[in-house]
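Within every chain, numbering begins at 1; the chains are lettered A, B, ... in the order of the sequence lines, protein sequences first and strands thereafter.
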Protein chains: 2
Amino acid sequence: MLLSKSCVYGLRATLYLASKEKEEFIPIKRMSEKLEISFHFLTKILQQLTADGLLESFKGPNGGVRLTKAPQKIALIDVVLAIDGPKLLTECALGLPGCGLKNPCPLHDKWAVTRDSIRDMLANTSLTDLAEKGKAENLRLTDDGDFEELLRD
Amino acid sequence: MLLSKSCVYGLRATLYLASKEKEEFIPIKRMSEKLEISFHFLTKILQQLTADGLLESFKGPNGGVRLTKAPQKIALIDVVLAIDGPKLLTECALGLPGCGLKNPCPLHDKWAVTRDSIRDMLANTSLTDLAEKGKAENLRLTDDGDFEELLRD
DNA sequence: CTATTTTAAGACAAAAGACTCTTCATTTAA
DNA sequence: TTAAATGAAGAGTCTTTTGTCTTAAAATAG
């Protein structure tokens with residue numbers, strides 16, 4: 001798998017936040033129900049994003065989490081780096097430590113090109129890009145639902 | 001991680017076989033030592049490749065495994081498919097079941113492009129390509145060694 | 001102040017992946 | 001024919017990932 005499940009859940013969650021126009025705090029409980037993700041597990045993942053500065057949280061009634069920046073300014077790669085770390089974009093495809101220009105493996109050059117295309121895709125796609133597309137075409141962020149249902153109160 | 005460790009070991013092993021010019025059976029024990037992979041674990045992985053028809057094996061003294069085809073005709077994707085299966089090249093980046101043209105997720109289109117570039121790289125690179133490059137530039141398939149050492153008896 | 005709502009934190013359990021070990025069947029060489 | 005070398009198969013262990021549960025801390029509403 002390219003991304004860990006935690007990372008995928010983090011992406012779905014930030015995408016959900018980006019698709020809400022209002023900048024209010026959204027309870028994690030509500031998000032977990034809408035996105036069909038275990039509440040406690042999602043909480044743990046969002047804590048990582050909060051620690052990383054991508055989200056801010058607020059405790060108590062009317063509390064929850066929200067994006068710290070405008071979603072246009074958050075790229076998918078920001079979420080991926082916060083949760084899965086940089087290894088996807090730095091590691092050797094053959095798993096050799098220290099593989100790089102200086103001490104490459106036979107696959108290094110070709111993999112570096114492919115890896116860059118992954119990085120570019122993640123870096124050039126903002127949360128807004130996907131949220132807008134999701135709304136416009138009524139796509140889905142869960143196994144069965146659609147955007148319309150997702151955003152309904 | 002893009003590829004499982006089993007898959008990476010399978011690639012290193014087939015690459016090693018491709019770099020031996022003679023078409024003799026190579027004992028797995030020897031390969032495991034050269035490649036610094038646990039013998040029993042490597043055995044299990046190579047059994048998958050044998051079952052898939054990429055390798056053939058021979059028991060008894062002077063036995064071992066060898067490629068069934070010329071290494072020019074084996075692409076990296078053949079090994080990846082035999083061990084990790086097709087999921088890397090078919091799965092949704094957001095983990096949604098049935099994500100495709102008919103019922104896509106918001107990321108589907110962009111991911112499909114990236115995924116194709118991964119597929120193309122794996123499909124257009126043969127074992128010979130990498131073996132030749134490894135020999136010519138004396139690269140490595142292990143943490144510390146180099147090709148010269150790898151091919152020495 | 002008190003009860004309620006919410007995130008924070010960490011212990012714990014289950015599942016999957018990575019790896020080891022033992023036993024067995026096959027083949028060859030002497 | 002017997003011993004040695006080898007792959008085949010599967011049980012078992014360790015680690016990481018994934019997911020659950022409990023308790024604490026913070027904030028608000030009344």
Side-chain angles (χ1 to χ4, degrees), chain A residues 1-13 17 24-68 80 82-85 87-88 91 94-95, chain B residues 1-14 17 24-68 80 82-85 87-88 91 94-95 143:
Chain A
M1 212 180 337
L2 189 79
L3 304 173
S4 72
K5 279 199 128 182
S6 294
C7 189
V8 166
Y9 291 161
L11 284 170
R12 290 193 210 166
L17 290 173
E24 55 188 352
F25 286 100
I26 310 288
I28 299 177
K29 183 78 181 172
R30 176 166 185 70
M31 296 177 64
S32 74
E33 286 162 0
K34 283 289 191 182
L35 296 170
E36 297 172 5
I37 302 172
S38 146
F39 166 68
H40 289 104
F41 194 37
L42 183 59
T43 295
K44 189 177 294 185
I45 294 164
L46 296 188
Q47 277 174 25
Q48 287 183 260
L49 296 179
T50 302
D52 196 75
L54 234 55
L55 301 182
E56 57 189 339
S57 67
F58 203 81
K59 292 178 181 175
N62 305 320
V65 296
R66 70 179 175 197
L67 300 171
T68 53
V80 172
I83 296 177
D84 278 351
K87 64 178 192 297
L88 173 66
E91 257 186 355
L94 292 182
Chain B
M1 212 180 336
L2 187 79
L3 304 173
S4 71
K5 283 201 127 183
S6 295
C7 189
V8 166
Y9 291 162
L11 284 171
R12 291 194 208 166
T14 48
L17 291 173
E24 56 188 353
F25 287 102
I26 310 288
I28 299 178
K29 182 78 180 173
R30 176 165 184 70
M31 295 177 63
S32 74
E33 286 162 358
K34 284 290 190 181
L35 295 170
E36 297 172 4
I37 301 171
S38 148
F39 166 68
H40 292 288
F41 194 35
L42 182 59
T43 295
K44 188 175 295 186
I45 294 164
L46 297 188
Q47 277 174 23
Q48 288 184 260
L49 296 180
T50 301
D52 196 75
L54 235 54
L55 301 183
E56 56 189 340
S57 69
F58 203 81
K59 291 178 181 175
N62 304 320
V65 297
R66 70 179 176 195
L67 301 171
T68 53
V80 171
I83 297 178
D84 278 351
K87 63 178 194 296
L88 172 66
E91 258 186 353
L94 292 181
D143 287 5

> Rounded to the nearest 0.5 Å, how far does CD of A:Glu36 lie from CE of A:Met31?
Replying inline: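 The distance works out to 13.5 Å.
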> Mapping B:Thr43 and A:Pro61 onto DNA chain D by nearest heavy atom, which one lands closer to the 5' end?
Replying inline: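 Result: B:Thr43.
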> Relative to the 5' end of DNA chain D, which residue comes earlier, A:Phe58 or A:Ser4, by the nucleotide with the nearest heavy atom?
Replying inline: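 So the residue in question is A:Ser4.
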Calculate the interatomic distance between [X] atom [atom1] and [N] atom [atom2]; express it in whole Å.
X: B:His40; N: C:dC24; atom1: NE2; atom2: P; result: 15 Å
X: B:Asp84; N: C:dA16; atom1: CG; atom2: P; result: 16 Å
X: B:Phe41; N: D:dA8; atom1: CZ; atom2: P; result: 16 Å
X: A:Lys59; N: D:dT28; atom1: NZ; atom2: C1'; result: 13 Å
X: B:Glu56; N: D:dA8; atom1: CD; atom2: P; result: 12 Å
X: B:Phe25; N: C:dT28; atom1: CZ; atom2: P; result: 10 Å
X: B:Gln47; N: C:dC24; atom1: CD; atom2: P; result: 17 Å
X: A:Phe39; N: D:dT20; atom1: CZ; atom2: C1'; result: 12 Å

>> Taking side chain to side chain contact (heavy atoms under 4.5 Å, CB included) as the definition, give me every residue that meets it alongside B:Ser6, ordered by chain and number, with sequence neighbours left out.
In response: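 Per chain and number, B:Ser6 pairs via side chain to side chain contact (heavy atoms under 4.5 Å, CB included) with B:Ser4, B:Phe41, B:Ile45, B:Ile83.
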>> Looking at A:Arg66 and A:Glu56, is any side-chain nitrogen of the basic one under 4.0 Å from a carboxylate oxygen of the acidic one?
In response: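 Between A:Arg66 and A:Glu56 there is a salt bridge, with a charged N closer than 4.0 Å to a carboxylate O.
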> The side chain of A:Asn62 lies closest to which of these nucleotides: C:dT7, D:dT28, D:dA8?
Replying inline: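 Nearest listed nucleotide: D:dT28.
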> Which nucleotide in the set D:dT20, C:dA18, D:dG7 lies at the smallest distance from any side-chain heavy atom of B:Lys5?
Replying inline: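 Out of D:dT20, C:dA18, D:dG7, the nucleotide with an atom closest to B:Lys5's side chain is C:dA18.
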> With sugar-phosphate meaning primed atoms plus P, OP1 and OP2, does B:Leu46 contact a base, only sugar-phosphate, or nothing at under 4.0 Å between heavy atoms?
Replying inline: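 Nothing: the residue B:Leu46, judged by heavy atoms under 4.0 Å, touches no strand.
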For [X] and [N], is the shortest distance between a side-chain N/O and OP1 or OP2 below 4.0 Å?
X: B:Ser38; N: C:dC19; answer: no
X: B:Tyr9; N: C:dC19; answer: yes
X: A:Lys44; N: C:dA9; answer: no
X: A:Ser57; N: C:dT6; answer: no
X: A:Ser6; N: D:dT18; answer: yes

> Between A:Ser57 and A:Gly64, is there a donor-acceptor pair closer than 3.5 Å when you use the side chain of the first and the backbone of the second?
Replying inline: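 A pair under 3.5 Å: no.
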>> Just to verify, which of A:Leu46, A:Leu54, A:Ile26 counts as forming a side chain to side chain contact (heavy atoms under 4.5 Å, CB included) with A:Leu17?
In response: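 For A:Leu17, the side chain to side chain contact (heavy atoms under 4.5 Å, CB included) check succeeds only for A:Ile26.
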